[in-house]
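Taking it in order: structure first as structure tokens, then the write-up.
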Amino acid sequence: MQISMKIDEKLLKPYNPKETEEKIYKLWEESGFFNPLNNPDWVNDKKNNPNFGKSFTILMPPTNANGSLHAGHGLVMTIEDIMTRYKRMRGYKTLWLPGLDHAGFETQVVYEKKLEKEGRSRFGMDRDILYKEILDFTLKNSSNINDQVKRLGSSCDWSRLKFSLDNEIVKRVYETFKKLYKDDLVYRGERIVSWCSKHQTSFSDLEIKDVEQIDNLYYLKYGPFVIATSRPETKFGDKYVVMHPKDIRYKNYTHGEKIDLEWINGSISATIIKDENIDMEFGTGVMTITPWHDTADFEIAEKHKLDKEQIIDEYGKLLPIAGEFAGQHIKKARTLIIEKLKNKNLVEKIDKNYKHIVRVCYKCENIIEPQIKKQWFIKMSAPNKSAPDGASLAQNAIKVIEKGEIKFIPEHYKKITLNWLNDIKDWNISRQIVWGIPIPAKICNTCEHGMEDVENNIKKCEKCGGETRQDTDTFDTWFSSGQWPFATLGYPDNSDFKNFYPTDVMETAGEIIFFWVSRMIMLGLYVTGEIPFKTIYLHGLVLDAKGQKMSKSKGNVIDPLILMDKYGTDAFRMGMIVGNTPGTSLALREDKIKAYKHFANKIWNASRFVLEQIKDLDLNKLSDFDEEDKKSDEELKNLIQEITKEMDEYKFYIVAEKLYHYFWHTFADIIIERSKKKILENKNANSVKILLYTHLITLLKILHPFIPFVTEEIWSIINSRRKVGTPTKTSELLMVEKWPFYAQDKTL
RNA sequence: GCGCGGUUAGCUCAGUUGGUAGAGCAACCCGUUUACACCGGGAAGGUCGUAAGUUCAAGUCUUACACCGCGCACCA
């Protein structure tokens with residue numbers, strides 16, 4: 001091959017992602033094109049833009065402001081940036097709005113650990129001081145995570161960055177709370193909640209983890225009955241003994257009948273209750289109930305209007321009702337109680353191999369102690385009397401989902417969501433932590449009635465006239481993030497809300513379909529009357545190379561920043577996207593990322609070859625293709641047809657693979673190799689040079705959403721040449737070039 | 001118990017409306033005076049979890065089962 005090799009300084013070196021990426025990102029950011037209201041001319045040209053006037057909106061799932069980038073973020077940012085860049089190139093006014101979440105409980109837990117290390121504790125700390133400390137901590141870390149998001153090439157509009165504690169967001173959240181209160185959809189109720197005795201807060205049902213474990217099952221003599229229990233420490237106050245009404249073994253006992261019997265701390269009077277929820281098969285078919293500390297028991301007690309009594313305090317210690325055991329922690333008390341029962345000959349037998357599920361705190365894995373507490377709840381399935389159709393929050397969501405107004409990708413999440421919504425329970429939105437949005441409410445000191453008080457002017461209880469105090473609880477983080485779409489866009493008056501709501505795609509982890517997605521649908525409909533997004537795209541987990549869930553304790557956490565350093569962001573992005581179908585988890589393997597580093601390099605080298613060959617090409621005097629080249633030109637057009645369709649169907653995993661394959665094995669291996677011969681023999685050389693050039697230009701465009709950095713860098717080199725050579729076009733960023741599907745202009 | 005995924009080449013995964021199985025990586029052979037060894041060419045590799053059914057035709061549709069993963073509800 002005797003092709004001359006005088007090429008640009010820049011192109012002489014191998015592709016260096018590290019040097020390029022920072023510079024390119026700055027270029028993008030300074031261009032202002034991340035803002036959907038800034039566009040290059042062709043976007044605002046009706047004739048030139050088939051998508052003139054259309055908008056496209058994605059909201060970034062607000063990242064935990066206190067955290068650091070993990071592999072999951074890598075996937076989120078890659079997918080969303082691909083969508084954003086694609087739509088931008090298609091001529092949509094494209095908004096990708098970045099956000100940060102204060103992540104209430106999550107952050108508080110992190111901060112508590114920090115306090116612990118310093119020998120401090122949040123308990124006993126002044127609330128305001130603690131809040132301020134966590135705020136400082138969070139704000140300091142938030143710039144960190146924003147920088148990391150940038151490193152991934154995210155083309156989001158930083159001028160619109162929102163933080164969940166911004167005044168305007170909090171104000172919106174308060175308005176929603178007020179509306180819910182007015183519509184009688186939120187109430188401060190005495191209900192049984194899941195309580196963590198370490199974190200001293202209640203949780204929603206979703207923050208609880210089920211763990212299987214083996215315990216003793218104790219068969220205790222309870223008067224004429226034998227009851228089975230795994231938790232003898234709760235049994236002090238048990239004065240109701242429950243059995244199934246159809247159980248013939250106990251047909252001689254009648255509902256409401258009282259019997260006297262000897263129990264842990266002396267003789268008591270117990271009442272017989274007949275209830276159909278009792279499983280006749282389990283144990284002896286008889287149980288006593290502890291309504292204060294057991295969800296099922298609570299329901300039975302509610303149904304029959306039975307007394308409820310607290311046995312265990314908020315720290316897991318026994319109350320005075322336990323007599324001699326009062327003040328002991330339940331963990332220690334259990335064996336002592338059994339000891340005593342044995343001495344009283346009240347233990348029938350012990351099954352030491354009882355396998356059952358216990359519920360634990362998802363954070364600390366301590367056993368959840370159900371407690372009856374006054375908490376704020378949102379009525380999820382109760383009719384909304386102030387709505388014309390009276391539909392509940394859940395029903396409204398069900399309706400739009402069933403009608404297909406919200407499209408689920410992958411589709412099976414639709415069913416999962418509907419199942420959940422159909423069996424939804426009231427949502428506990430109050431948390432007993434400092435870090436979060438304070439609940440704007442007053443509580444009566446006399447009757448504990450809770451009242452919404454956003455305006456802060458309630459002095460007396462509206463029910464009993466008693467003195468009131470400020471509620472010290474904060475909202476569940478998901479209550480505010482559930483309002484993210486309309487809150488960030490400035491409902492109701494901001495022009496962004498008018499221009500960009502409902503948003504087009506919500507892309508997030510399948511894991512948080514209930515936590516977040518379902519609640520956004522319900523609250524979005526409730527507040528704005530419209531769905532918050534038209535499509536919900538759910539990705540799976542990012543796992544380690546062996547397909548194991550990453551966790552600090554396992555030590556298999558892969559840091560995306562290290563991979564990006566090593567192989568470049570483009571390579572990392574390709575590795576995240578190729579073959580990764582929505583909803584399925586992805587095993588993150590380093591050799592895969594490495595393979596795409598080679599790809600970026602291949603693009604670089606092919607480009608430098610092409611640019612060298614077309615140096616003397618007069619772009620204003622383009623001749624026609626010969627037969628062979630015409631075929632290749634057609635082939636690329638067909639590819640674009642295909643992938644454009646697939647892009648619209650969110651099949652990025654297949655598009656990325658096709659582009660990889662076409663660029664490498666068609667463009668480089670066939671077309672470039674063929675061109676060498678033609679140029680050397682000077683046979684239709686002009687035709688093939690044009691083909692090389694048009695192919696490269698087009699391929700850079702369609703590759704750009706996937707690997708934005710290397711493509712933009714090459715583009716800038718091409719542009720700088722144009723300025724020197726033939727002035728075909730004003731220099732522009734590849735980022736805002738027109739997607740070639742509609743670009744049939746020959747000036748390419 | 002109910003529900004949802006998955007089971008395809010050594011590994012990680014694609015496979016659109018049913019028409020004689022695909023990619024990347026790894027392994028194997030050959031080549032390499034220049035865009036690129038971060039390379040080129042070539043060959044190899046699968047009875048698509050099991051069983052039955054529908055069909056001219058099933059990786060793809062139906063049913064049952066097995067195993068793996070997940071979610072929901074649970075029995076004290």
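Letters A, B, ... mirror the listed sequences (proteins, then strands); counts begin at 1.
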Counting any heavy atom closer than 4.0 Å, what does [X] reach on the DNA or RNA strands: base, sugar-phosphate only, or nothing?
X: Ala587(A); answer: sugar-phosphate
X: Tyr413(A); answer: nothing
X: Lys592(A); answer: nothing
X: His665(A); answer: sugar-phosphate
X: Lys235(A); answer: sugar-phosphate

Taking atom [atom1] as the centre, does [X] end up with more than 12 heavy-atom neighbours from other residues, nucleotides or ligands that are less than 6.0 angstrom away?
X: Ile248(A); atom1: CD1; result: no
X: Lys274(A); atom1: NZ; result: yes
X: Lys303(A); atom1: NZ; result: yes

For this session: Using the test ring pair (Phe, Tyr, Trp, His ring centres under 6.0 Å), find all partners of His598(A) that sit at least two apart in sequence or belong to another chain.
Result: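 Partners of His598(A) by the ring pair (Phe, Tyr, Trp, His ring centres under 6.0 Å) criterion come out as none, since no residue qualifies.
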Taking a pair as Watson-Crick or G-U wobble with both distances under 3.5 Å, which nucleotide is matched to [N]?
N: rC72(B); value: rG1(B)
N: rC25(B); value: rG10(B)
N: rG45(B); value: none
N: rG18(B); value: none
N: rG53(B); value: rC61(B)

Problem set entry | rA35(B) phosphate, OP1 or OP2, under 4.0 Å from Lys676(A) side-chain N/O | yes
Exercise. Given rA76(B), is OP1 or OP2 found less than 4.0 Å from the side-chain N or O atoms of Ser230(A)?
Worked result: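 For rA76(B), OP1/OP2 do not have a side-chain N/O of Ser230(A) under 4.0 Å.
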Exercise. Does a side-chain heavy-atom distance below 4.5 Å link Tyr653(A) with Val578(A)?
Worked result: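 Not touching, per the 4.5 Å side-chain cut-off.
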Can you tell me the distance, in whole Å, between the [atom1] atom of [X] and the [atom2] atom of [N]?
X: Arg608(A); N: rA35(B); atom1: CZ; atom2: P; answer: 9 Å
X: Lys594(A); N: rU12(B); atom1: NZ; atom2: C1'; answer: 16 Å
X: Ile654(A); N: rA23(B); atom1: CD1; atom2: C1'; answer: 9 Å

Exercise. For the base of rC38(B), is there a side-chain donor-acceptor partner from Asn601(A) under 3.5 Å away?
Worked result: yes
Exercise. How are the rings of Phe652(A) and Tyr537(A) set relative to one another: parallel (under 30°), tilted (30 to 60°) or perpendicular (over 60°)?
Worked result: tilted
Please list each protein N or O that sits under 3.5 Å from an N or O in nucleotides 67-75 of chain B, with the distance.
{"from": "rC75(B)", "atom 1": "O2", "to": "Asp279(A)", "atom 2": "OD2", "distance (Å)": "3.3"}

Problem set entry | Same-atom distance (C1') from rG15(B) to rG53(B), integer angstrom |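 One C1' to the other, the span is 24 Å.
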Problem set entry | Counterpart residues, side chain to side chain donor-acceptor pair (under 3.5 Å), relative to Glu302(A) (two or more places apart) | Lys308(A)
